[in-house]
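Nothing here was measured: the structure is a model prediction, and the numbers come from that model. All values below were derived from every heavy atom in this structure, side-chain atoms included, with hydrogens, water molecules and symmetry-related copies excluded. Both counts, for ligands and for their atoms, begin at 1 and track the order of listing.
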Amino acid sequence: MAHADASLVPSTITTKSQFWDHVYSQLESLLEGQRHWITNLANASSLIYNCLLAFPAYFGSGDRAVNWCGFYILPSLFPHPQFTTPTSSQPSVSRDKGNLLLGPFCGKPACQLINLQADKARGVCADAFIHGKTVIVRDVNTYPGHIACDGSTNSEIVCPLIYQGSDGPFVFGVLDLDCLALSGFDEDDQAGLEQIAKLIVRSCEW
Ligand code: SME
């Protein structure tokens, strides 16, 4: 099967539960044999995004479309190429834990940093990250601190990425989806995305 065909959604799939099971199994196949997190997050964002566009029962490509699907990650996880010697005039990537950095995504350009600092953190991604819990926002216009990367977005869901380490669970990023419609996401999407987030975390070296 060509890789792009992984994002096809058969017309026999009509419920969200069937849909998320399908995306899960397609992603499992797509990630097989590859453990680099950049590669896998890139394909995961594309697969989820394109499957949602191909699922008109709830999303599709019209005014209920998902318009963004991607990841924000702690900058300490980003590779640090050594091809050039940094000079004081070169901007450097912040590697502290005060921000999340934009990772692989599908959709229009988005904000690069999500502030996590105690007195400055705001927005849906920061809240999901700090509390380690999925946040469903049915109307982003009423969510305190919502960061509007795209004024067309009306609802959002953000699911934390949680690594189960020997010292206990460690939240190191989020999976974020935006929708053009109000109330685009519900608890069925939460259940599906949380399973997918677990699959992604265990399918990569971090
Ligand atoms: N709306 C998010 C910011 C990221 S974008 O939606 C891609 C937030 O409030 O954290």
Side-chain angles (χ1 to χ4, degrees), residues 7 20 23 27 37-38 40-53 55 58-78 93-163 170-187 189-190 192-194 196-197 200-201:
S7 61
W20 287 117
V23 177
L27 186 58
W37 68 267
I38 293 180
N40 285 349
L41 295 197
N43 259 343
S45 64
S46 173
L47 180 78
I48 299 166
Y49 183 76
N50 283 291
C51 282
L52 285 159
L53 289 176
F55 184 47
Y58 285 93
F59 295 97
S61 57
D63 54 10
R64 292 192 52 79
V66 165
N67 56 322
W68 203 87
C69 172
F71 298 89
Y72 284 91
I73 305 282
L74 284 176
S76 53
L77 289 174
F78 278 76
V93 174
S94 164
R95 307 188 80 75
D96 63 52
K97 292 189 178 176
N99 296 293
L100 291 175
L101 191 60
L102 179 62
F105 70 94
C106 282
K108 292 180 181 171
C111 60
Q112 294 97 332
L113 291 175
I114 302 282
N115 201 322
L116 296 174
Q117 292 168 56
D119 50 341
K120 295 181 186 150
R122 69 182 182 93
V124 193
C125 293
D127 287 345
F129 180 90
I130 290 164
H131 300 293
K133 298 225 178 293
T134 299
V135 178
I136 298 174
V137 180
R138 295 177 203 276
D139 181 356
V140 297
N141 305 295
T142 63
Y143 191 88
H146 171 257
I147 300 166
C149 294
D150 181 346
S152 311
T153 297
N154 272 305
S155 57
E156 182 164 1
I157 184 168
V158 181
C159 181
L161 300 178
I162 306 174
Y163 183 82
F170 176 74
V171 184
F172 65 93
V174 297
L175 167 58
D176 179 14
L177 278 75
D178 292 354
C179 183
L180 296 178
L182 288 166
S183 300
F185 306 105
D186 62 17
E187 285 68 18
D189 303 306
Q190 174 177 354
L193 286 167
E194 287 178 351
I196 283 172
I200 291 168
V201 172

Legend entry - Beyond-backbone contact of Leu41 with Ile200, side-chain heavy atoms, under 4.5 angstrom: yes
Inset, instruction - Please say whether Ile147 places an N or O atom under 3.5 Å from an N or O atom belonging to ligand 1. - result: yes
Inset, instruction - Using a strict 4.0 Å cut-off to heavy atoms of Asp176, name the atoms of ligand 1 that fall inside it. - result: 4 (C), 5 (S), 6 (O), 7 (C)
Legend entry - Polar proximity ligand 1 side, Asp178 side, N/O cut 3.5 Å exclusive: yes
Inset, instruction - For ligand 1, note which part of Tyr143 has a heavy atom under 4.0 Å away: side chain, backbone, both or neither. - result: neither
Inset, instruction - Below 4.0 angstrom from a heavy atom of His146, which ligand 1 atoms are there? Numbered from 1 as shown, please. - result: 1 (N), 9 (O)
Inset, instruction - Using a 4.0 Å heavy-atom cut-off, say whether Arg122 meets ligand 1 through its side chain, its backbone, both or neither. - result: neither
Inset, instruction - Over 60° means perpendicular and under 30° means parallel, so classify the ring planes of Tyr163 and Phe172, tilted if in between. - result: perpendicular
Inset, instruction - Check the side chains of Asp176 and Trp68 for a donor-acceptor pair under 3.5 angstrom, ignoring hydrogens and angles. - result: no
Inset, instruction - Tell me, please: is Tyr72 in heavy-atom contact with ligand 1, that is, under 4.0 Å? - result: yes
Inset, instruction - Would you check if the side chain of Ser155 reaches a backbone N or O of Ala181 as a donor-acceptor pair within less than 3.5 Å? - result: yes
Inset, instruction - List the steps, then state whether side chain to side chain contact (heavy atoms under 4.5 Å, CB included) holds for Asn67 with Lys108. - result: CA-CA 8 Å; Asn67 56 322; Lys108 292 180 181 171; over 6 Å; no
Legend entry - Identity and distance of the protein heavy atom lying nearest atom 5 (S) of ligand 1: Cys149 SG, 3.2 Å
Legend entry - Heavy-atom donor-acceptor pair, Asp127 side chain to Val124 backbone, under 3.5 Å: no
Inset, instruction - Examine Val124 against ligand 1 and note whether any of their N/O atoms are separated by less than 3.5 Å. - result: yes
Legend entry - Ring centers of Phe185, Phe59 separated by less than 6.0 Å: yes
Legend entry - Test item: Asn115 side-chain N/O and Ala121 main-chain N/O as donor-acceptor pair under 3.5 Å: no
Legend entry - Pair Asp189-Tyr58, side chain to side chain contact (heavy atoms under 4.5 Å, CB included): steps then yes or no: CA-CA 11 Å; Asp189 303 306; Tyr58 285 93; over 6 Å; no
Legend entry - Atoms of ligand 1, numbered as shown, that sit under 4.0 Å from any heavy atom of Trp68: 7 (C)
Inset, instruction - For Gly123, take its heavy atoms, then give the atoms of ligand 1 lying under 4.0 Å from any of them. - result: 9 (O), 10 (O)
Legend entry - ligand 1 N/O within reach of Glu156 N/O, cut-off under 3.5 Å: yes
Legend entry - N or O contact, Cys125 vs ligand 1, cut-off under 3.5 Å: yes
